[in-house]
Amino acid sequence: MRFLTLRLLPLVLCIGVLTTREVCAAEPRLNLFIWSEYIDPAVVAEFERRFTCKVVIDLYEDDGAMMAKLQAGGAALYDVVVPPDFRVPALIKLNLLAPLRGENLPNLKHLDPRFLRPAYDPEDRYTVPYQWGTVGLFVRRQADRPLPDSWAAVFDPARAWGPFVLLDAQRDLIGVALKYRQCSVNSADLGHLRDARDLLVAAKRRSVGFDGTVGGKNKVLAKLAAAAIVYSGEGVRGVVEDAETAYVIPREGSVIWVDRLAVLAKAPNRDLAEKFINFCLEPEIGARISNFTQFASPNLAARPFLKPDDLKNPAIYPPPEVLERLEMLEHLGSTARLYDEVWTQVKAR
Amino acid sequence: MKRARLPLGLSAVGLYFFLYAPLAVVVVFSFNAARHGVVWQGFTTDWYRRLLSDELALSAAKNTLLLGGFSTAIATVLGTLLAFGLSRSGLPGQRWALRLLQVPVFIPDIVFAAAMLLFYSLVRQWLGLFELGVSTMVMAHVTFQIPFVTIVVRARLAGLDPALEEAARDLGANAWQAFRCVTLPVILPGVLAAAMLAFTLSLDDFVVSFFTSGPGSATLPILIYSSVKRGVTPEINALATLIVLASLAATLSVVLLQRRRRA
Amino acid sequence: MLRSARGNSNLPGSVIAPLGCPTTTRRPPLRLALLATAPALLWLALFFVGPMLLILGTSFLSRGDVGELTRPFTLENYRRLVGFGVFGFESLYPLIILRSLALGGLTAILCVLAGLPLAFFIAGLPPRWKGAALTLVVIPFWTNLLIRTYAWQILLSPDGWISRIAVALGTVESGAALYPGAGAVLVAMVCDYLPFMVLPLYASVEKLDWTLAEAAADLGARAGQVFRHALLPQIRSGIAAGVILVFLPATGQFVIPDLLGGARTVLLGNAVQQQFGPGLDWPFGAAIAALGLATVLAGVWLYGRVTGGREEVGVV
């Protein structure tokens with residue numbers, strides 16, 4: 001037996017030495033913290049090739065989990081993160097983001113001015129847009145019924161479409177419930193919120209549970225559910241995989257969002273992080289990302305490289321009359337606590 | 001009670017079936033050609049091929065083994081020493097130490113994981129130590145492994161004849177020599193069993209790892225969890241099958257080793 | 001295997017003295033013993049007791065607007081825990097606590113019901129089969145919990161054959177899944193924790209004094225009476241040990257309800273995860289965790305009482 005331990009010990013030590021060497025290797029490393037299935041692996045490979053570096057990707061399924069990880073110390077570990085618009089003010093306030101150095105981002109000029117200088121980051125000091133999209137219903141078609149055009153498919157048992165999956169994202173889901181009740185997705189009214197809470201609790205009891213957007217899409221594809229609340233990209237990708245499905249934005253309106261690219265305050269490799277962001281803003285690269293994710297690109301110069309069918313697809317680029325009914329989420333300050341409490345109660349009841 | 005043999009046997013068979021059904025279904029479905037859903041669509045070994053070329057899975061496997069190896073090594077040394085020290089009666093505070101050891105055994109993973117997360121982030125704020133990564137995971141794992149190691153080694157120590165060590169002392173060995181040359185060899189099987197247990201606990205752990213991991217330090221359980229969250233994929237069934245086979249092989253080899261020693 | 005070492009039963013909780021050894025022992029000398037225990041005890045003090053105290057302390061802090069820890073010190077978190085939140089009185093958290101305790105308790109009871117036949121069956125096997133039969137119970141425990149848990153997703157899905165049988169029998173309506181839901185959670189819990197119950201049960205069944213049962217049967221007792229009056233009292237401590245071993249971890253489970261409850265069946269464990277994760281309310285999460293810690297401390301104390309301090313937990 002002593003034999004065994006004597007042999008094992010050097011082995012363990014060897015593994016240790018090998019791995020430390022790997023970490024210390026000269027190749028620079030970019031730590032990317034991003035939603036799952038949100039970047040084309042081929043684009044990542046190209047970045048690795050062009051800048052001779054290694055990209056290490058960590059994934060999240062909902063923005064709450066992303067915030068939790070950053071706050072628990074992830075800010076010093078990751079280089080680039082992709083937060084949704086309404087989370088940006090909190091990230092700035094918590095000093096979790098590093099200011100972007102404009103001279104390193106020449107490709108900023110390709111972007112659609114509509115997506116620049118938002119209220120929460122008026123000088124584009126911390127973030128630049130990555131992709132944008134909507135929240136909607138991904139449903140399996142039914143031969144004898146027209147496609148649902150209302151959130152009632154989820155919230156009204158009488159008009160239910162079948163078993164459904166709720167989106168596991170706090171603000172988006174509460175926003176949808178508020179929209180169904182004709183309220184603003186940023187309402188701070190205790191009555192509205194209580195109403196939204198009750199709607200969601202009731203819906204949850206009839207649902208097949210909460211899932212991230214990818215999980216929801218997969219459940220509909222696997223016929224474990226008839227409908228799921230998802231982001232537009234998953235909806236469109238789902239339709240590509242299975243023509244018997246569809247993505248709809250209900251007539252009550254919905255949430256429109258922009259995910260932003262940002263560099264973390266204590267990013268181990270800030271230069272490479274900015275190179276990566278600039279890389280994503282290249283017209284051709286931006287188009288490849290959108291062609292993969294099936295979300296909308298904020299990059300004007302990328303349009304010629306986008307799949308023509310996607311550009312014409314109203315599920316990706318909604319027509320003006322639909323855009324009118326969409327609302328952006330805003331950072332809420334101290335009201336955020338009410339939303340947290342609503343969410344906890346919805347999850348827990 | 002002889003009358004009860006048959007119903008007892010039947011219910012036992014049913015229960016074994018119940019215990020093994022989940023393992024069987026994973027193995028079967030790892031060969032299912034269907035991408036989504038649970039309907040059988042033909043036999044394939046494709047998922048295994050994909051798994052073996054999946055960089056994320058390979059790095060998770062490497063992390064899991066590294067984490068298990070390092071934490072087990074540290075916990076085995078610390079836990080064995082603790083068991084050895086506690087075997088002496090009349091230590092001050094001994095009762096408390098024994099009680100303390102039971103708390104990590106019983107505590108829900110999530111409570112311990114949350115406590116570690118809090119601890120790491122506060123220490124990081126004050127001292128700048130403990131960036132999340134493999135090292136923080138190792139420290140957390142060692143912490144919950146120590147009590148198990150100690151308990152197992154203690155059981156072995158309890159069966160140790162003290163005359164052995166005393167004889168060594170009478171022959172002029174100092175305390176350390178007596179431990180090194182007499183006690184340790186005798187309790188070594190117990191120590192190895194404890195190390196095996198600690199290693200399995202580390203491999204099995206998801207919750208604590210999930211809360212204390214950093215970028216690129218995801219382990220196999222973390223990988224499985226996030227894949228399952230996105231909808232079970234056939235690759236994960238293949239991965240699970242490999243893990244089940246590995247633990248089966250490990251258990252059987254331990255059992256056989258013990259049997260051979262006894263014989 | 002659950003090892004029990006019989007010691008001096010007059011001193012509950014005292015050190016285990018090996019069988020038949022002289023009461024005074026020179027091994028190891030006090031200084032060496034202290035030196036040997038120091039590293040591990042320091043480690044546990046730093047990485048276990050320290051974090052637990054931090055949890056306790058944090059549970060009295062407040063949460064800032066963006067989720068940071070701030071003063072003032074407050075009892076607010078505990079007030080919320082017993083039901084007084086921003087929307088007025090809410091039975092929510094008391095319900096979660098009760099639900100967790102109920103699920104833990106139910107799991108433990110079902111494990112006793114399933115574990116008893118298994119323990120008696122194994123104990124009744126010829127000696128050379130006992131080891132194999134016990135190993136068979138333990139093997140699933142060695143494989144990953146996550147795998148065993150998500151396997152039930154497959155087993156219980158609407159297209160799976162269990163659902164089809166249930167539909168055919170008319171117990172569920174067609175198209176409805178057995179998962180996610182409380183039932184699926186319970187099934188997986190019992191499946192995952194059964195080994196924890198079987199081992200201590202087996203240990204006490206193995207030591208049973210069957211002459212009592214025979215005497216009772218000779219006196220004309222029916223099988224049920226024999227079991228209740230002659231056998232049950234003898235294995236009561238084994239049952240109690242198993243119940244605690246199952247109940248405590250089951251009450252704090254977070255993975256099983258998360259994967260099989262469709263994130264709907266929220267238990268204490270999920271509530272802690274929610275607050276430390278997406279909810280970003282660490283002080284409140286700490287208060288829930290502190291409650292869990294208190295339950296465990298009570299359980300450890302109880303376990304010591306039940307086993308008279310003679311028995312130690314250890315799955316080998």
Side-chain angles (χ1 to χ4, degrees), chain B residues 8-9 11-12 15 18-19 21-23 25-26 29 37-39 78-79 81-82 84-86 88-89 91 94-95 102-108 110-111 114-119 139 143 146 151-152 155 158-159 162 165-166 175 193 200 204 206 221 224-225 228 232 240 243-244 247 251 255, chain C residues 3 5 13 15-16 18 21 25-29 32-33 36-37 39-40 43 47-48 51-52 54-55 58 114 117-118 120-121 135 139-140 142-148 150-152 154-155 157 159-160 248-249 252 254-255 259 269 272-273 276 285 289 292-293 296 299-300 312-314 316:
Chain B
L8 215 51
S11 57
L15 286 165
F18 173 63
L19 282 173
L23 301 185
V25 79
V26 166
F29 276 91
V38 297
V39 180
L78 292 183
L81 281 175
L82 181 60
F84 175 67
L86 285 176
R88 187 192 198 280
S89 44
L91 285 183
Q94 192 161 23
R95 264 180 75 172
Q102 301 209 328
V103 182
V105 174
F106 281 118
I107 203 156
I110 185 79
V111 173
M116 286 314 273
L117 180 72
L118 186 66
F119 173 72
M139 285 184 276
T143 310
I146 287 178
I151 286 166
V152 174
E165 208 172 301
E166 286 184 25
T200 324
D204 202 25
F206 159 69
I224 295 176
Y225 177 80
V228 173
V232 178
I243 296 177
V244 167
S247 19
T251 319
V255 169
Chain C
R3 304 286 298 256
V15 214
I16 294 171
C21 72
T25 155
R26 284 196 292 153
R27 58 133 196 157
L32 185 68
T37 55
W43 182 288
F47 289 106
F48 189 78
M52 290 304 150
L54 279 180
I55 282 278
T58 307
L118 210 50
F120 274 97
F121 171 77
T135 312
I139 284 176
W142 291 110
T143 61
N144 199 290
L145 176 109
L146 276 167
I147 297 175
R148 278 172 289 148
Y150 92 71
W152 283 104
I154 305 179
L155 279 169
S157 73
D159 285 340
L248 285 178
F254 129 74
V255 176
L259 291 183
V272 174
Q273 194 267 342
F276 272 91
L293 184 63
V296 168
V300 167
E312 291 196 19
V313 217
V316 183

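Side chains included, hydrogens not; waters and symmetry mates left out as well; all remaining heavy atoms used.
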With side-chain contact (heavy atoms from CB on, under 4.5 Å) as the test, would you mind laying out the steps for B:V103 and C:M52 before giving the verdict? CA-CA 11 Å; B:V103 182; C:M52 290 304 150; over 6 Å; no
Intermediate values then yes/no, side-chain contact (heavy atoms from CB on, under 4.5 Å), B:F84 and C:L32: CA-CA 9 Å; B:F84 175 67; C:L32 185 68; 3.8 Å; yes
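The shortest heavy-atom contact between C:A151 and B:P22 is CB-O, 3.2 Å. Across all non-hydrogen atoms, the minimal contact from C:V296 to B:P108 is CG2-CD, 3.4 Å. Of all the heavy atoms in C:F276 and B:L117, the pair that sits closest is CD2-CD2, 4.0 Å. Of all the heavy atoms in B:M116 and C:F47, the pair that sits closest is SD-O, 3.4 Å.
The side chain to side chain donor-acceptor pair (under 3.5 Å) search around C:T37 returns none, not counting sequence neighbours. Checked against ring pair (Phe, Tyr, Trp, His ring centres under 6.0 Å), C:F254 has no partners two or more places apart in sequence or in another chain.
Atom CG of residue C:L155 and atom CZ of residue B:F29 lie 8.0 Å apart, to the nearest 0.5 angstrom. The line from CZ of C:F48 to CD1 of B:I146 is 11.0 Å long, rounded to the nearest 0.5 Å. For the atom pair C:L259 CG and B:F206 CZ, the distance stands at 7.5 Å (nearest 0.5 Å). Between atom CG of residue B:L118 and atom CD1 of residue C:I55 there is a gap of 5.0 Å, rounded to the nearest 0.5 Å. Between the CG atom of C:L118 and the CG atom of B:L8 there is a distance of 8.5 Å, given to the nearest 0.5 Å. To the nearest 0.5 angstrom, C:L146 atom CG is 8.5 Å from B:Y225 atom OH.
When B:A21, B:P221, B:S11, B:A114 are compared by the number of non-hydrogen pairs under 4.5 Å with chain C, B:A114 comes out ahead. Your options are B:G79, B:S247, B:A240, B:A115, and the one with the most heavy-atom pairs under 4.5 Å with chain C is B:A115. The candidate from B:V26, B:V111, B:L15 with the greatest count of non-hydrogen atom pairs under 4.5 Å with chain C is B:L15. For the set C:G292, C:G285, C:P140, the count of heavy-atom pairs under 4.5 angstrom toward chain B peaks at C:P140. Heavy-atom pairs under 4.5 Å with chain B peak, among C:L248, C:V255, C:V272, C:I147, at C:I147.
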